[in-house]
Amino acid sequence: MFIERLRANVTVLAIIVAFIVSFSLSIYMHVPYPPDRKAPFDNLGFIYSDIVYGVFTPRFLDTVSSTGLVDSKVSEFWYNRDALARLVNGSINMFTCPVPYKDYKFEYPPMIALLWYFSTCTSFLYTYNFIKAPRDPLEYRSIVSEYVAPMHFAIQVSFTIIFASLLVLYMLRIAKTINFDRRRLILLFLLPSTIIYSTYNWDIITATLVVMSLYYLINKRYFVSGSLLGLAVSAKLIPVLAGLAIGYDLLQKAFAKNSNSHGYNNVAMYLMGLGATGGIPYALVATLFSKGFSDFVNHHFSWYCENCIYILFVQNIYSPLHRILFYALATLFMLIIMTINIDYNWRLFGVAFSSIAVGTVLSYVFSPQMMLMLTPLAIAVLSKRILTLYAIADSANALIILLFFEDSTLRAYISKYVNIPVSFSPWTIDSPVQWTAFIRNLLLFIILLDVIAQLIHGNRQRMHHEEQHTFNSLS
């Protein structure tokens, strides 16, 4: 007994150490430094992040020059020119902070928009009231670069760390339920993609909400489970596929011949929670900020093939065939997944993994940070052999951003041996970046097929080690 407790404590300590190391490296890689100061070792060359350079900088820095507003950039991102002008003049308060969707374009879902609004508004107000307010455009740029952007990044990272801590807590609880080795959580935080992308974007928030939702579903908290999955959908649309598969299974159980009134109540509570937190936020944005919501939808439905699996067959990244192939294959795969009877807890997690894999691996957009939505579920459901394959795919995924900015340099070197054009074009099939992305996609597609096959045949040895009650009995 003492030895078992000691091993358990050592495992938890190792998970905590891996967590701290992972986030320390991720923060160091992406923390923004003012233009006149460089980070030690130049952030290892990984300074770019969506949180700052992908979204914040184009809206709050690139739109302002040393002499005033840049009209071309303002018209590209802003609906309300006066809101930006107030920022530049230092004349904002908590009621006039720029609002995403309303005052400027924002391509992320409502929950992320809320966190974004809090971090940007807090950073600007704190800086202007307690550090320094700008008097002219040149001073604005200096203040935003030196104070506002780093503070915004710090607040966003705080959100990420809170959710990642919850992820550890709930994964430890789940480990007891579906009987996977808790030491796998060490791998979760030491995988290259986790280290690189944890503070790069917001996908770890979505992953946490999905895992929490599954935990409460196992524990018969249907409304809580649906609400948490709805929040995940409000942070990233892809988990709606998991909600579709799970909701359909609950409906099937509710209408089964041997069902009782609890089955109807369970599915009703689950769908009510899912609709409330997953549907209402989008409906509110569509109602209150119709222009911003329209641009948000158009942004995603008109996006090019970004690291997608179809590029080998349709090399024009702007071809609508990529979207058509995704919708067709996603429909086919989801119909297959929805035939699976979720009668074991492992199957619940397998269905969730497969559904989210369909929304990423088969999508026409598979940004590398999306891997974080798959990893916690992969840790829980994959066999040791397949998990090794997943780790290889994760390493290839990490390489995508590492190679992205070195595309022309890599091409120049490879062109000595292979006839490829030397230019900066990491999005096209002749780029080493896309070769790496295709390796990742192929490995993940194989893993997806393996998990679906195991779900259909129901011959996972893991199932026989679960608790005696099944997921079916929870309905």
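Note: hydrogens, waters and symmetry copies are ignored here, and every other heavy atom, side chains too, is used.
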Result block: side-chain N/O donor-acceptor pairs under 3.5 angstrom for residues 163-175, not counting sequence neighbours:
unit_1 : atom_1 : unit_2 : atom_2 : d
Ser165 : OG     : Ile161 : O      : 2.8
Tyr170 : OH     : Tyr216 : OH     : 2.6

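- Every side-chain contact (heavy atoms from CB on, under 4.5 Å) that Leu284 has, sequence neighbours left out, goes to Ile280.
- Taken to the nearest 0.5 Å, the CZ atom of Phe60 stands 5.0 Å off from the CZ atom of Phe124.
- Judged by the 6.0 Å distance and 45° axis criteria, Arg323 is not positioned over the aromatic ring of Tyr310.
- Going from atom CD1 of Ile379 over to atom CG of Leu191 covers 6.0 Å, rounded to the nearest 0.5 Å.
- Residue Cys121 holds its SG atom at 6.0 Å from CD1 of Ile92, rounded to the nearest 0.5 Å.
- Classification of Lys105 and Glu76 as a salt-bridged pair fails, no side-chain N sitting under 4.0 Å from a carboxylate O.
- Listed here is the closest heavy atom pair of Gly350 and Val451: O-CG1, 3.9 Å.
- Considering only residues two or more places apart in sequence or on other chains, Asp203 meets the side-chain hydrogen bond (donor to acceptor under 3.5 Å, both in side chains) condition with Lys236.
- Asn397 and Ser193 make their closest contact through ND2-OG, 2.9 Å (heavy atoms, listed as atom of the first residue, atom of the second, distance).
- In this structure, Ser123 and Ile155 approach most closely via the heavy-atom pair OG-CD1, 3.8 Å.
- Counting only residues at least two apart or in different chains, disulfide (SG to SG under 2.5 Å) contacts with residues 286-322 comprise Cys305-Cys308.
- Screening Trp116, Phe296, Phe293 for a ring pair (Phe, Tyr, Trp, His ring centres under 6.0 Å) involving Phe106 leaves a single residue, Trp116.
- The shortest distance between side-chain heavy atoms of Phe23 and Ile195 does not fall below 4.5 Å.
- The two residues Gly226 and Thr277 make their nearest non-hydrogen contact at O-OG1, 4.0 Å.
- For the atom pair CG (Leu187) and CG (Asp181), the distance works out to 11.0 Å, reported to the nearest 0.5 Å.
- In terms of heavy-atom proximity, Arg440 sits nearest to Ala396 at CB-CB, 4.1 Å.
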Stepwise side-chain contact (heavy atoms from CB on, under 4.5 Å) check, Ser119 with Thr122: CA-CA 5 Å; Ser119 65; Thr122 300; 5.9 Å; no

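- Partners of Ile324 under the side-chain contact (heavy atoms from CB on, under 4.5 Å) rule, at least two apart in sequence or in another chain, are Leu321.
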Worked verdict on Leu449 versus Phe333 for side-chain contact (heavy atoms from CB on, under 4.5 Å): CA-CA 10 Å; Leu449 292 178; Phe333 271 75; 3.9 Å; yes

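- In this view, Glu306 satisfies the salt bridge (Lys or Arg N to Asp or Glu O under 4.0 Å) rule with no residue, not counting sequence neighbours.
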Verdict with reasoning, Gln156 to Trp202, per side-chain contact (heavy atoms from CB on, under 4.5 Å): CA-CA 9 Å; Gln156 288 292 337; Trp202 298 273; 2.7 Å; yes

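- To the nearest 0.5 Å, atoms OG (Ser234) and CG (Leu228) are separated by 11.5 Å.
- A search for side-chain hydrogen bond (donor to acceptor under 3.5 Å, both in side chains) contacts involving Asp71 returns Arg81, not counting sequence neighbours.
- Side chains of Tyr48 and Asp50: a donor-acceptor N/O pair is present below 3.5 angstrom, by distance only.
- In terms of heavy atoms, Ala235 sits closest to Ile112 at O-CG1, 3.6 Å.
- Under a 3.5 Å cut-off, the side chain of Ser395 and the backbone N or O of Ala391 do form a donor-acceptor pair.
- Checked by atom type, the side-chain pair Ser65/Thr67 shows a donor-acceptor distance below 3.5 Å.
- Partners of Thr375 by side-chain hydrogen bond (donor to acceptor under 3.5 Å, both in side chains), not counting sequence neighbours, listed by chain and number: Tyr390.
- Residue Asn89 holds its CG atom at 10.5 Å from OH of Tyr140, rounded to the nearest 0.5 Å.
- Looking at Leu348 and Ile218, their side chains come closer than 4.5 Å, going by heavy atoms from C-beta outward.
- With sequence neighbours excluded, no residue satisfies salt bridge (Lys or Arg N to Asp or Glu O under 4.0 Å) with Asp394.
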Stepwise side-chain contact (heavy atoms from CB on, under 4.5 Å) test for Phe223 and Met272: CA-CA 7 Å; Phe223 183 77; Met272 281 173 58; 4.3 Å; yes

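- With sequence neighbours left out, the side-chain hydrogen bond (donor to acceptor under 3.5 Å, both in side chains) criterion links Thr388 to no other residue.
- Phe424 is linked by a side-chain contact (heavy atoms from CB on, under 4.5 Å) to Phe404, Asp407, Ser408, Pro426, Trp427, counting only residues two or more places apart in sequence or in another chain.
- Applying the salt bridge (Lys or Arg N to Asp or Glu O under 4.0 Å) test to every pair with at least one member in residues 285-296, sequence neighbours left out, gives these pairs: Lys291-Asp295.
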